[in-house]
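Computed from a predicted structure; not experimentally measured.
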Amino acid sequence: MRSAAALPAPHLAPRRGNSGPIVRIAALQKTFGDIEAIRHLSFEVADGEFLGVLGPSGCGKSTLLMMIAGLIGPSAGEIRIKDARVTGPRREVGVVFQSPVLLPWRTVLQNVLFPIELLKLPRPQYRRRAMDLLRMAKIDDFAAVLPRQLSGGMRQRVAICRALVHDPSILLMDEPFSALDAITRDEMAVELQRIWQVNRKTVIFVTHSIREAAFLSDRVVVMGRRPATVIDELAIDLPRPRAIAVTEDETFNRLVRHLRKAIEASHAQ
Amino acid sequence: MRNRIGKRAASIAWPILVTVLLLLAWEISVRMLGIRSIILPPPSAVFEAMAERHDLLLAHLWPSLYLTMLGFGLSVVGGIIVAVLITYSAIIRKGFYPVIVVSQVIPKISIAPLFIVWFGTGTMSSLLLAFLIAFFPMTINAAMGFESVDEDIHRMARTFMGSSWQIFWKIRMPNALPYIFAGMKISITLAIIGVIVSEFVASQEGIGYLIKLAGGLLDTPLMLAAIAWLSISGLALYAIIAGVESWAVYWQPPSEAVGAGGGG
């Protein structure tokens with residue numbers, strides 16, 4: 001928290017109580033050959049919202065995220081970010097992948113600054129921002145260290161800093177904690193919430209963990225088995241910051257049960 | 001830290017000890033069995049030849065080493081260029097690459113006499129044979145390095161709108177470095193073989209020529225002295241590459257070697 005003030009100010013100021021949707025997905029469809037991965041998928045994401053996308057493994061959630069990132073194109077329908085149709089990767093999007101995908105020959109700080117180099121942004125200015133992000137993620141002591149010397153959780157923190165360094169307005173996260181052990185995973189969820197509360201990005205967080213989706217999100221969109229489409233939607237009205245102890249409350253468990261039933265219903269079909 | 005240095009020292013000390021013991025066994029058995037020097041001289045006689053005739057040996061060693069390094073250097077540059085072409089051109093990857101791979105079944109040493117016919121008995125034949133033998137593992141390894149970039153790393157770079165130029169220099173190139181060094185370590189030894197063989201076939205100078213000449217004169221100590229010099233130089237060249245590698249590929253722990261083999 002102490003580092004929040006150190007971050008370059010205006011664009012990081014809380015952006016709540018805001019305007020309309022920042023991301024609009026309309027009648028989206030994706031087929032790979034004969035396989036229909038996504039069918040008639042539509043939803044919207046509000047500016048500053050933390051949206052969880054929940055679904056079983058292999059349901060096409062990652063495909064959806066890659067489409068929002070502009071890495072693959074839809075077969076039909078469209079995705080709009082700030083009213084502009086997505087046709088390729090965009091500057092205002094940052095992506096955190098399932099694995100940290102750090103470059104092993106670069107130090108932590110150099111890895112975080114990698115997008116700045118690719119986007120040809122002024123390095124000295126963003127160097128400070130990178131250090132602030134590392135401080136916020138509590139890994140600033142490791143700025144000069146190579147990735148192989150870090151633990152899995154720390155690597156994923158670096159990846160989150162890298163996705164935030166060019167100050168995107170949307171953060172896409174593709175099961176970012178699925179490779180971590182259960183304890184680290186809980187820890188990272190709390191950390192991510194903290195980072196999000198400081199930065200107030202719009203987050204689309206894809207996961208197959210019901211608990212993780214419920215804990216982190218403002219709203220959860222549930223996707224069914226392939227071909228994926230939205231089968232349920234649930235607002236998570238828990239006060240923030242949420243501590244991991246929230247997961248033992250009856251309110252939380254009621255939400256989890258609701259989500260589980262929605263997923264099970266889709267299996268039964 | 002001290003433990004690591006200790007381990008390192010032990011890893012050097014053991015092979016040295018074994019070498020010394022083998023030389024001792026050689027020396028003792030030659031003396032005890034009364035084997036004639038023409039057949040197998042004792043190590044002491046070889047060392048003597050190395051010291052006494054070092055002028056002659058070095059005079060023939062330098063041209064061979066020079067050609068080896070030149071052939072090796074050309075194979076590194078050529079191999080990397082061809083690997084880049086293989087990576088970026090579908091026509092070359094699909095058309096030429098298989099041909100290059102299949103052509104490896106030709107024992108390149110057998111081409112040496114043909115090279116003599118084409119390029120004469122001079123240095124050109126030696127250089128080209130060294131290049132030809134060393135070129136293949138360089139190309140294969142570099143191509144493998146350029147292409148083995150993790151799909152997720154590609155995606156990551158693309159989300160930040162990296163251009164292919166940036167992806168090549170900032171991702172493919174460093175990714176290929178360990179592979180390139182693995183290729184270089186194979187290529188340098190093959191380049192030596194190329195030069196020596198072509199000197200065997202036809203040459204008036206070079207350490208290969210000297211080995212053949214000494215054989216003809218039944219001067220076995222000189223022959224072995226030449227082989228010893230050759231081995232020492234080969235080892236030194238290899239060590240230089242390994243040294244540059246550990247500096248250039250600083251992010252890789254020494255145990256994790258990569259790369260493919262490739263015979264000559």
Side-chain angles (χ1 to χ4, degrees), chain A residues 62-63 65-72 86-108 110-121 126 145-150 155 158-159 162-168 170-176 179, chain B residues 1 3-4 80 83-84 87-88 141-142 144-184 241-259:
Chain A
S62 291
T63 307
L65 211 67
M66 293 305 113
M67 285 164 79
I68 301 173
L71 290 176
I72 47 180
V86 174
T87 51
R90 301 168 66 91
R91 230 213 85 159
E92 64 255 43
V93 175
V95 185
V96 179
F97 296 87
Q98 206 163 342
S99 63
V101 281
L102 302 179
L103 302 176
W105 51 84
R106 285 174 167 250
T107 63
V108 164
Q110 288 167 340
N111 263 293
V112 173
L113 286 170
F114 190 58
I116 300 307
E117 281 174 38
L118 293 187
L119 293 162
K120 299 200 174 83
L121 297 170
Y126 280 92
V145 156
L146 291 173
R148 75 168 147 106
Q149 289 159 281
L150 302 179
R155 284 180 201 172
V158 178
R162 180 183 58 197
L164 290 171
V165 72
H166 60 305
D167 197 25
I170 301 163
L171 186 60
L172 304 178
M173 305 185 88
D174 185 10
E175 305 192 26
Chain B
M1 207 58 193
N3 193 18
R4 224 160 74 192
I80 290 175
V84 170
T87 309
Y88 285 101
N141 275 281
M144 202 193 250
F146 289 135
E147 279 169 33
S148 71
V149 174
D150 191 47
E151 188 49 41
D152 276 347
I153 289 185
H154 252 284
R155 275 193 203 145
M156 183 271 290
R158 279 178 52 218
T159 61
F160 299 119
M161 295 183 282
S163 63
S164 352
W165 184 256
Q166 287 173 321
I167 289 174
F168 178 76
W169 286 109
K170 291 175 191 290
I171 295 175
R172 283 197 199 273
M173 202 52 172
N175 188 73
L177 262 193
Y179 294 83
I180 288 173
F181 275 100
M184 284 166 100
I241 294 170
V244 175
E245 178 186 26
S246 65
W247 167 80
V249 191
Y250 54 87
W251 62 90
Q252 184 154 285
S255 55
E256 287 174 27
V258 294

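Both the backbone and the side chain of A:Arg91 come within contact range of chain B, each with at least one heavy atom under 4.5 Å from a heavy atom of that chain. Using a 4.5 Å cut-off between heavy atoms, A:Leu71 touches chain B through backbone and side chain atoms alike. Contacts of B:Ile171 with chain A are made by both backbone and side-chain atoms, with heavy-atom separations under 4.5 Å. For B:Asp152, the parts lying near chain A are the backbone and the side chain together; criterion is any non-hydrogen pair under 4.5 Å.
Of all heavy-atom pairs between B:Gln166 and A:Glu117, the closest is NE2-O, 3.3 Å. Of all non-hydrogen atoms in B:Ile153 and A:Val101, the two that sit nearest each other are N-CG1, 3.8 Å.
To the nearest 0.5 Å, the span separating CD on B:Glu151 from CZ on A:Phe97 amounts to 9.5 Å. With values rounded to the nearest 0.5 angstrom, B:Ile167 atom CD1 is found 7.5 Å from A:Leu118 atom CG.
Heavy-atom neighbours of chain A within the stretch residues 154-161 of chain B, taken at a separation under 4.5 angstrom, comprise B:Arg155, B:Met156, B:Ala157, B:Arg158, B:Thr159, B:Phe160, B:Met161. Scanning residues 243-251 of chain B against chain A with a 4.5 Å non-hydrogen threshold yields B:Tyr250, B:Trp251, sorted by number.
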